[in-house]
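None of the values given here were measured: they were computed from a predicted structure.
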Amino acid sequence: MNNARVLVPSPVNEPVLSYAPGTPEREAQKQALAALKQETFEITPIINGKRIPTGRTETVHAPHERAHEIGTVHKAGAPEVEHAIAASMAARAEWSALPWEQRASVFLKAADLLAGPWRARMNAATMLGQSKNVHQAEIDSACELIDFFRFNVAYMAELYEQQPGSAPGIWNQLQYRPLDGFVFAVTPFNFTAIAGNLPGAPAMLGNAVLWKPSTTSILSNYFVYLLLEEAGLPPGVINFLPGDGPDVGDPTLDSEDLAGLHFTGSTGTFQHLWKTIGMNIAGYRSYPRIVGETGGKDFIVAHPSADAKAVATAIVRGGFEYQGQKCSAASRVYVPNTLWPKIKEYVLEQLAEVKMGPVDDFSNFVNAVIDQKSFDKITGYIDRAKNDVVEVVAGGTYDDSEGFFIAPTILRVDDPHYVTMREELFGPVVTLYVYDANDFDDVLPLVDSTSPYALTGSIFAQDRYAVNQALKGLQDAAGNFYINDKPTGAVVGQQPFGGGRASGTNDKAGSILNLIRWVSPRTIKETFNPPHHFGYPYLR
């Protein structure tokens with residue numbers, strides 16, 4: 001029996017390796033990527049720790065090298081979902097009763113394994129399967145996932161420490177129970193770290209989880225499961241269910257034991273899931289917790305006092321890192337006419353240095369978008385802009401003959417409500433509006449009202465009054481707001497991530513606020529010397 005009040009290790013953000021020429025990590029990563037390309041994988045649902053081939057298969061290819069076959073995925077359906085629900089409910093009892101420090105140990109071990117022997121291979125899986133360059137893979141599938149595991153353990157300990165006061169003769173306690181049922185985690189293709197955190201955070205709090213990964217990130221997600229398995233996660237705590245959305249989602253949402261939804265993906269899908277839960281609400285044993293992050297139409301606003309070169313760099317990095325396939329990617333930009341000539345010059349200078357191609361070549365800053373569907377959607381917006389005689393400042397070209405490559409594209413519009421200023425494209429397209437420098441006061445309401453999303457945004461200004469004006473004027477326009485920085489790159493433990501409006505429930509991944517959603521507190525009052533008669537003094 002452990003009677004100690006356990007202190008968890010103080011989390012520190014995992015250092016980001018540089019992969020600069022001559023560094024040992026660069027050579028190790030190149031070797032890991034080359035080795036992984038020689039393998040093909042058969043990935044199945046994993047239920048109660050057992051691999052379940054279904055025969056309903058789909059072949060997965062590298063986005064930047066369409067001819068390269070990564071492997072085959074066996075898709076789950078209703079029978080596998082029913083099996084997984086039963087496995088989750090059976091595993092929940094023992095897992096939730098396990099001392100919390102034992103659950104924490106699994107995730108701390110996973111973090112250390114990922115920081116060490118698993119690092120290069122996990123990064124390689126993300127690079128190959130999701131077409132991320134080495135830096136984007138490093139900050140995602142290594143550093144951010146490590147941070148999620150380590151910081152969430154610390155947040156869990158902090159949460160459990162929060163206890164009520166007690167009057168004389170009474171001892172009050174809060175017990176942080178897991179939810180009464182299972183949690184359904186639906187994860188996106190673009191971040192391996194999110195794919196690990198969405199099932200991982202609820203599981204850490206004692207919940208059992210059904211995890212539906214994205215098929216387009218299946219290789220790295222499969223590796224995340226294997227990592228947790230090696231770290232000692234018991235069978236049935238997280239059940240891995242690759243498959244098509246309705247085939248997995250419909251029977252899952254029909255279960256009376258659904259206790260929570262942890263989601264990152266499109267607004268339309270999230271609204272459909274929420275609507276379905278609402279329609280089924282009378283059939284659940286408890287009201288499901290719904291936590292979701294759904295995307296954005298993220299902005300950069302430049303004040304006339306802004307540093308033009310800093311704005312240009314924010315556009316290039318914020319708009320085109322990972323091909324703009326970040327929920328936080330800079331997608332719409334507002335610059336004053338007095339700065340536009342300089343900003344344009346600096347942007348074009350930097351884009352002239354940008355190389356695009358496969359992930360094997362570490363000199364490539366831009367790689368491929370995730371799949372044909374995404375390629376067709378993004379290029380459709382580009383073609384429409386050309387037909388509408390929108391100025392193409394940079395890029396506008398694309399080619400899917402070998403991989404799904406779209407050149408970094410900047411559109412300049414005269415109409416600040418043009419479609420690419422309003423709708424989420426999720427690709428390497430930035431739309432820019434040049435405003436009269438005297439109209440900054442009018443720009444802020446325009447930014448606030450143009451898009452239904454409210455995820456990330458930034459203000460560039462040297463004038464402190466302008467910074468404060470933007471902070472107030474754009475108070476509801478972004479859940480993560482940046483001053484003189486690009487609107488991407490939130491770090492666990494530093495900038496808790498999430499937004500409101502159509503961007504989600506703003507439950508802030510990377511903070512204690514998210515973990516609170518995965519517990520159902522129970523108040524316990526113990527009276528040491530209970531009364532022996534009903535009467536109160538006022539009755540005398």
Once salt bridge (Lys or Arg N to Asp or Glu O under 4.0 Å) is applied, do any residues pair with Arg332, and if so which ones, sequence neighbours excluded?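 For Arg332, no residue satisfies salt bridge (Lys or Arg N to Asp or Glu O under 4.0 Å) once neighbours in sequence are set aside.
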For [X] and [Y], test the side chains for any donor-to-acceptor distance below 3.5 angstrom and give the result as yes or no.
| X | Y | value |
| --- | --- | --- |
| Asn123 | Glu138 | yes |
| Ser363 | Lys355 | yes |
| Asn197 | Asn152 | yes |
| Lys326 | Gln136 | yes |
| Thr269 | Ser266 | yes |
| Asn480 | Thr456 | no |
| Asn514 | Asp507 | no |

Full working for salt bridge (charged side-chain N to carboxylate O under 4.0 Å, His left out) between Glu402 and Arg66: CA-CA 6 Å; Glu402 295 184 7; Arg66 299 176 63 181; over 6 Å; no
Test: Lys30 cationic atom under 6.0 Å from Phe362 six-membered ring centre, within 45° of axis: yes
Please identify each residue that fulfils side chain to side chain contact (heavy atoms under 4.5 Å, CB included) with [X], with sequence neighbours left out.
| X | result |
| --- | --- |
| Lys472 | Asn468 |
| Glu158 | Tyr155, Gln162, Ile512 |
| Ala115 | Glu14, Arg119, Ile146, Arg150 |
| Ala310 | Asp307, Phe460 |

Nearest heavy-atom approach of Leu339 to Pro304 is CD1-O, 3.7 Å
For the residue pair Val393 and Leu348, what are the closest heavy atoms and their distance?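 Nearest heavy atoms, Val393 then Leu348: O-CD2, 3.7 Å.
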Name all pairs fulfilling the ring-ring contact (aromatic ring centres under 6.0 Å, His included) condition that reach into residues 372-404, sequence neighbours left out, sorted by first residue then second. Phe375-Tyr398
Throw together a table of side-chain donor-acceptor distances under 3.5 angstrom for residues 485-493, partners on residues two or more places apart or in other chains.
from   : atom 1 : to     : atom 2 : distance (Å)
Lys486 : NZ     : Thr488 : O      : 3.3
Lys486 : NZ     : Thr488 : OG1    : 2.9

State which residues pass side chain to side chain donor-acceptor pair (under 3.5 Å) with [X]; sequence neighbours excluded, sorted by chain then number.
| X | result |
| --- | --- |
| Asp439 | none |
| Thr294 | Thr267 |
| Gln469 | Asp441 |

Of all pairs that satisfy salt bridge (Lys or Arg N to Asp or Glu O under 4.0 Å), the ones with a partner from residues 368-384, not counting sequence neighbours: Arg384-Asp388
Please round to the nearest 0.5 Å and tell me the distance separating atom [atom1] of [X] and atom [atom2] of [Y].
| X | Y | atom1 | atom2 | result |
| --- | --- | --- | --- | --- |
| Lys109 | Leu114 | NZ | CG | 14.0 Å |
| Ile194 | Ser141 | CD1 | OG | 12.0 Å |
| Arg422 | Ser331 | CZ | OG | 12.0 Å |

Basic-acidic side-chain contact under 4.0 Å: Lys297, Glu423: no
Would you say the ring centers of Tyr482 and Phe299 fall short of 6.0 Å from each other?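 Not under 6.0 Å, so no.
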Do other residues, nucleotides or ligands put more than 12 heavy atoms under 6.0 Å from the CD atom of Glu349? yes
Passes side chain to side chain contact (heavy atoms under 4.5 Å, CB included), Val369 versus Ile378? Steps please. CA-CA 9 Å; Val369 298; Ile378 298 162; 4.0 Å; yes
Quick one: side chains of residues 311-322, donor-acceptor pairs under 3.5 Å with protein atoms, not counting sequence neighbours, listed by atom name and distance.
from   : atom 1 : to     : atom 2 : distance (Å)
Thr313 : OG1    : Lys309 : O      : 3.0
Thr313 : OG1    : Gln350 : NE2    : 2.9
Tyr322 : OH     : Gln130 : O      : 2.7

Fit a plane to each ring of Phe189 and Phe426, take the angle between them on a 0 to 90° scale, and name the class: parallel (under 30°), tilted (30 to 60°) or perpendicular (over 60°). perpendicular
For the pair Tyr435 and Phe440, name the ring-plane relationship: parallel under 30°, tilted 30 to 60°, perpendicular over 60°.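 Aromatic pair Tyr435/Phe440 classed tilted.
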Could you go through Thr192 and Ser217, starting from their C-alpha distance and side-chain angles, then the distance that decides it, and tell me whether this counts as side chain to side chain contact (heavy atoms under 4.5 Å, CB included)? CA-CA 8 Å; Thr192 303; Ser217 60; 5.9 Å; no
His262 and its ring pair (Phe, Tyr, Trp, His ring centres under 6.0 Å) partner, picked from Phe270, Trp211, Trp518: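 With His262 as partner, Phe270, Trp211, Trp518 yield a single ring pair (Phe, Tyr, Trp, His ring centres under 6.0 Å), made by Trp518.
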